[in-house]
Amino acid sequence: MTEIPRAGRWPTLHLNPGVCDYSSFAPMLCSRKGPGLSMYLYHFLCFGFRYSVLPDFCMLSSRVRLIPRTVRLVHSLIYNSCHSSMDLKALLCSLNDFASLSLAESWDNVGLLVEPSPPHTVNTLFLTNDLTEEVMEEALQKKADLILSYHPPIFRPLKHITWKTWKERLVIRALENRVGIYSPHTAYDAAPQGVNSWLAKGLGVCTSRPIHPSRAPNYPTTGTHRVEFSVNGTEDLDKVISAVKRIADVSVTSFSTRTDDEEQTRISLNCSQEALIEVVAFLSQSRQFYQKTEILSLEKPLLLHTGMGRLCTLDESVSLATMIDRIKRHLKLSHVRLALGVGRTLESPVKVVALCAGSGSTVLQGAEADLYLTVLGATL
C-alpha cells in the first residue's frame, strides 16, 4: 500500500498489464471552483485501481465533517489484458459490467457524455473525481483517450457549445483532442462493491442492507400488469382468447380449474400499461368476466446488496468514541470534526449506523440510526 502526498494531481491508467502511473495521483481536498468543499470518499475498483477520498458523519441527526489528510492508493489486479489498448465500446462494456448504469438514480446524468467520432481506441484512461479545466489540461498532457470523471461535468442540457462557459469549453477541448468523457456517479454508489459498501466495511462486524434497494432493470416477465379471469364454456373461451390476442403487447396463457364442482378455464394475460386500458375495456363488455377479473401490478425484483445508502446493524454496540476510531483507521485519517446530538457524549452507544455516499438529505430521510455517516461531494 502506497501513501500519496497531497497535491493537485490525478491518476492516469495505461491499458497495458503492469503499467500504471501512480506517481501523478493525489486528489484535491476541495473543489477547484472554490474552497471549503470536502471531497467525496471515492472507492474506485476497476482496471487495477482502487482509490479513496473521504466522508463526513453525523451523530444523532447532527452532521459531522471528516477532514482528509492523506489518501492511500491500493493496487488491485482487477484488469488483466494482453492488449495495450481497447476499443471504446469494449471498454464501456467492461465499465458497465463493474457497475451497470441502470443502477444510477433517475435524476443523474451518467455514462458516455462526450464521444469522439468512431472508431476510437483507448490507450490511456484518466481518472478524476471532478473534471475541471485544470484537470482537462493535465489529461491532455497525459495524452488521455478517455476521462472517467466520477461527478458528471455535464449535468443540465447545454443549449449551445461556445467558448463562453467552462463546461462548454470542456466539451470543445475534448472533441478537438478526440478525448471521450464518461461518468458513473450514482451507479458506483449503488453497486454491491461500490462506495456505500466500502464505507460499511470500516464500521466493524455488522449486517447491512441498502436503505433504498435498487430494482432489476427489467420486469421478470413480459408487461407491467397481469390480468386474470375465468371463462365457462369452450365457445366463450375461443372468442375471448381471439379478442385479447388482437390487442398489442398482450401475452395470454390459460389453464383448467374447478370452482364449486364446475370446470372452468382460467385466463392469465400479461400486458403493458397502455394495453391494460384496452383489456379492461373489452372485459367490461361482459359482466360475467368483469366481476371476476383480478388485476395485478408487476414489480421489478429487488437486487440484493445493491442500492442507495446502507443501514448497518453492529453485532455488538460500541461507544461513539470507538466508532470514530474505527472510521479514522478505515479512512486513514488523523482527525475528525464531530457534532453531537443533544444529550449525547463520546460514550453514547452506537448500534445502528445509517450511511450514504452523498449528502444523504433524501436517502437518509426516515432512517432510524444512532449514527449518520455521510459523504459531502464536491460540487462544480
Side-chain angles (χ1 to χ4, degrees), residues 92-93 96-111 157 184-187 189-192 194 196 208-311 362-368:
L92 294 179
C93 287
N96 196 65
D97 287 342
F98 171 72
S100 173
L101 295 178
S102 65
L103 301 178
E105 294 289 271
S106 58
W107 50 261
D108 206 357
N109 189 33
V110 296
H185 202 202
T186 52
D189 296 344
N196 284 310
S208 67
R209 62 174 178 82
I211 297 175
H212 294 280
S214 297
R215 292 188 177 275
N218 301 309
Y219 287 92
T221 185
T222 304
T224 60
H225 292 79
R226 177 169 295 161
V227 181
E228 294 188 352
F229 56 94
S230 297
V231 177
N232 295 323
T234 304
E235 184 176 343
D236 288 341
L237 175 62
D238 293 339
K239 290 181 179 178
V240 170
I241 291 181
S242 177
V244 296
K245 281 187 174 180
R246 287 196 292 268
I247 301 174
D249 298 325
V250 171
S251 60
V252 184
T253 59
S254 61
F255 51 93
S256 298
T257 62
R258 177 177 287 275
T259 304
D260 298 329
D261 295 327
E262 183 182 4
E263 289 286 347
Q264 293 182 329
T265 300
R266 189 71 172 168
I267 304 296
S268 178
L269 57 90
N270 289 356
C271 61
S272 64
Q273 178 72 48
E274 295 76 14
L276 178 63
I277 298 174
E278 293 187 57
V279 171
V280 171
F282 167 73
L283 294 176
S284 63
Q285 298 173 13
S286 171
R287 185 176 180 181
Q288 172 192 354
F289 297 151
Y290 198 61
Q291 288 183 337
K292 299 179 180 179
T293 297
E294 294 179 352
I295 301 177
L296 308 175
S297 178
L298 302 179
E299 293 275 344
K300 295 179 180 179
L302 298 177
L303 299 177
L304 293 176
H305 315 301
T306 307
M308 294 301 163
R310 293 293 185 273
L311 192 65
T362 301
V363 174
L364 298 180
Q365 190 171 19
E368 296 291 335

**Asked** Hey, are Arg266 and Glu294 close enough for a salt bridge, meaning a charged N less than 4.0 Å from a carboxylate O?
**Response** yes

**Asked** If you draw a 6.0 Å radius around NZ in Lys245, do more than 12 non-hydrogen atoms from other residues or ligands fall strictly inside?
**Response** no

**Message:** List the residues meeting side-chain contact (heavy atoms from CB on, under 4.5 Å) with Glu368, not counting sequence neighbours, and say none if there are none.
**Reply:** none

**Request:** Measure the OG-CG distance between Ser268 and Leu296 for me, rounded to the nearest 0.5 Å.
**Result:** 8.0 Å

**Request:** Mind checking the CG-CG spacing from Leu304 to Leu302? Nearest 0.5 Å is all I need.
**Result:** 8.0 Å

**Asked** Just by distance, do the side chain of Ser272 and the backbone of Ala275 share a donor-acceptor pair under 3.5 Å?
**Response** yes

**Fill in**
OG1 of Thr306 to CZ of Arg215, rounded to nearest 0.5 Å, is 13.0 Å

**Item:** Rounded distance [0.5 Å steps], CD in Gln273 versus OG1 in Thr224
**Value:** 5.5 Å

**Asked** Taking atom CG of Asp249 and atom CD of Glu278, what is their separation to the nearest 0.5 Å?
**Response** 9.0 Å

**Item:** Residues Ile267, Val244; criterion side-chain contact (heavy atoms from CB on, under 4.5 Å); working and verdict
**Value:** CA-CA 10 Å; Ile267 304 296; Val244 296; 5.5 Å; no

**Request:** Check the surroundings of atom NE2 in His305: do more than 12 heavy atoms from other residues, nucleotides or ligands lie under 6.0 Å from it?
**Result:** no

**For the student: nearest non-hydrogen atoms of Arg310 and Pro192, plus distance** = NH2-CA, 4.4 Å

**Request:** With sequence neighbours left out, write down each residue that passes side chain to side chain donor-acceptor pair (under 3.5 Å) with Ser102, or none if nothing qualifies.
**Result:** Ser100

**Asked** What distance do Ile241 atom CD1 and Leu269 atom CG have between them, rounded to the nearest 0.5 Å?
**Response** 10.0 Å

